[in-house]
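Presented below is the structure to which this report refers.
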Amino acid sequence: MSRADTAVILDFETSGLSPNTGDRAIEIGAVKIVEGKIVDRFQSLINPGMRISPFIEDYTGISNALLRDAPNSEHVMTQFADFINGFNLVAHNASFDKRFLDAELQRASQDYMGSFSCSMLVSRRLLQNAPNHQLATLIRYAGITTDGSYHRALFDSEMTTKLWLYMLDDIRNRYDIEQISFSVLQKLSKKTKKSVHSFLESCA
DNA sequence: TGCCAGGCCCTCTTTAGGGCCTT
């Protein structure tokens, strides 16, 4: 059984919303957890080979001047493929990060074997009383302290990691499940809101 | 020329529309 508390939690900053319309990754951050403990981190700016918009400069705080001297995608993604090797992956709104991960890895002729789970989909099932399911809102809702700025890749992946571990604890405490498998979290995302409780009780 | 993401989820649904979430 592969454990839900052993994974790489990642986050991309990008030039826009879709690699299909020419957008590129400009920063990647990731946290590696093994049995609930942080064992490694990964962070790098990525030179996208194009100028990013003033909106993205403002949104992320990452400037064109910073990116000019950053390593290219092939270099960064080759290192990152090694970092995630053998691990399952988590991201907040994973469908977004998966699209960029796939596109940037392909450029570097790299691949990965792990499966993806989405902290946002899990939170929609588990934290149904949260005001919304934006990462920053969920962090506040969970009472997790912060000491940095959102919209940077490593900080967001650190926050997603804390949220992920908070939700695993929540499941353990509420449903008395000793060990949660990664596949249970993936299945949880596909349950209807109403069926979450009975599903988790059946896992206990 | 004009437009430009896409997957998930809810509901006034399923022959669809619109909000959420990510940058």
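Below, read A as the first sequence line, B as the second, and so on, with proteins coming before strands; counting in each chain starts at 1.
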- [ ] Specify the residues of residues 144-153 of chain A, ordered by number, for which at least one heavy atom lies under 4.0 angstrom from an atom of DNA chain B.
- [x] H151(A)
TODO: Determine, for F83(A) and K32(A), whether the Lys NZ or Arg CZ falls below 6.0 Å from the six-membered ring centre while staying within 45 degrees of the axis.
DONE: yes
- [ ] Mind calculating the distance between CD (E104(A)) and C1' (dT23(B)) to the nearest angstrom?
- [x] 13 Å
- [ ] Tell me which residues in residues 127-137 of chain A put a heavy atom below 4.0 Å from DNA chain B, sorted by number, or none.
- [x] N132(A), H133(A), Q134(A), L135(A)
Task: All pairs passing ring-ring contact (aromatic ring centres under 6.0 Å, His included) where residues 97-140 of chain A contributes a residue, at least two apart - done: F96(A)-F100(A)
Task: Distance between P atoms of dT15(B) and dC21(B) (Å, rounded) - done: 27 Å
Task: P131(A): partners by side chain to side chain contact (heavy atoms under 4.5 Å, CB included), with sequence neighbours left out - done: T137(A), Y141(A)
TODO: Please list all pairs passing the salt bridge (Lys or Arg N to Asp or Glu O under 4.0 Å) test where one or both residues lie in residues 172-186 of chain A, with sequence neighbours left out.
DONE: D5(A)-R172(A), D169(A)-R172(A), D170(A)-R174(A)
Open item on the list: Please give the distance between the P atoms of dC12(B) and dG18(B) as a whole number of Å.
Closed with: 15 Å
Open item on the list: Can you list everything that forms a side chain to side chain contact (heavy atoms under 4.5 Å, CB included) with T60(A)? Sequence neighbours excluded, please.
Closed with: E13(A), I26(A), I56(A), I62(A)
Dump every N/O contact between nucleotides 6-8 of chain B and the protein below 3.5 Å, one line per pair.
residue, atom, partner, partner atom, Å
dG6(B), OP1, N20(A), ND2, 2.7

Residues 117-124 of chain A side chain polar contacts: donor-acceptor under 3.5 Å, at least two apart:
residue, atom, partner, partner atom, Å
S119(A), OG, A91(A), O, 3.4
S119(A), OG, H92(A), ND1, 2.7
S123(A), OG, S119(A), O, 3.4
S123(A), OG, M120(A), O, 2.8

Task: E13(A) CD - dT23(B) C1' separation (whole Å) - done: 7 Å
Open item on the list: Near DNA chain B, counting only heavy atoms under 4.0 Å, which residues of residues 53-70 of chain A show up?
Closed with: F55(A), I56(A), Y59(A), T60(A)
TODO: Report whether V90(A) and Y150(A) are members of the same hydrophobic cluster (ILVMFWY, side-chain heavy atoms less than 4.5 Å apart, transitive linking).
DONE: yes
- [ ] Using atom CG of D11(A) as one end and atom P of dT23(B) as the other, report the distance to the nearest whole Å.
- [x] 5 Å
TODO: Give a yes or no answer on whether the side chain of S189(A) reaches the backbone of L185(A) with a donor-acceptor pair at less than 3.5 Å.
DONE: yes
Open item on the list: Per the salt bridge (Lys or Arg N to Asp or Glu O under 4.0 Å) rule, what does the pair list look like for residues 181-204 of chain A, sequence neighbours excluded?
Closed with: none
- [ ] Report yes or no: does E104(A) contribute a side-chain atom to a donor-acceptor pair with the main-chain N or O of S73(A) at less than 3.5 Å?
- [x] no
- [ ] For F100(A), answer base if it contacts any base atom (sugar-phosphate contacts may also be present), sugar-phosphate if it contacts only those atoms, and nothing otherwise; contact means non-hydrogen atoms under 4.0 Å.
- [x] nothing
- [ ] Sequence neighbours left out, what pairs pass salt bridge (Lys or Arg N to Asp or Glu O under 4.0 Å) with at least one residue falling in residues 46-75 of chain A?
- [x] none
Open item on the list: Using atom C1' in both nucleotides, what's the gap between dT14(B) and dC10(B) to the nearest angstrom?
Closed with: 13 Å
Open item on the list: Using atom C1' in both nucleotides, what's the gap between dC8(B) and dT1(B) to the nearest angstrom?
Closed with: 32 Å
TODO: Take the protein atom NZ of K193(A) and the nucleotide atom C1' of dC10(B), then report the distance between them rounded to whole Å.
DONE: 8 Å
Open item on the list: So, taking the atom named CZ in F12(A) and the one named CZ in R24(A), what distance separates them when rounded to the nearest 0.5 Å?
Closed with: 10.5 Å
Open item on the list: My understanding is that only residues two or more places apart in sequence, or in another chain, count here; which of them pass side chain to side chain donor-acceptor pair (under 3.5 Å) with T192(A)?
Closed with: S195(A)
Task: Protein-nucleotide distance (H92(A), atom NE2; dC20(B), atom P), rounded to Å - done: 14 Å
Open item on the list: Would you measure the distance from the C1' atom in dG19(B) across to the matching atom in dT13(B) and give it in whole Å?
Closed with: 15 Å
Task: Cationic N near anionic O, under 4.0 Å, R152(A) to D156(A) - done: no
Task: Interatomic distance where CG belongs to L17(A) and C1' belongs to dG19(B) [whole Å] - done: 15 Å
Open item on the list: For T21(A) and I26(A), find the nucleotide of DNA chain B closest to each by heavy atoms; which residue's nucleotide sits nearer the 5' end?
Closed with: T21(A)
Task: P-based separation of dC3(B) from dG7(B) [nearest Å] - done: 23 Å
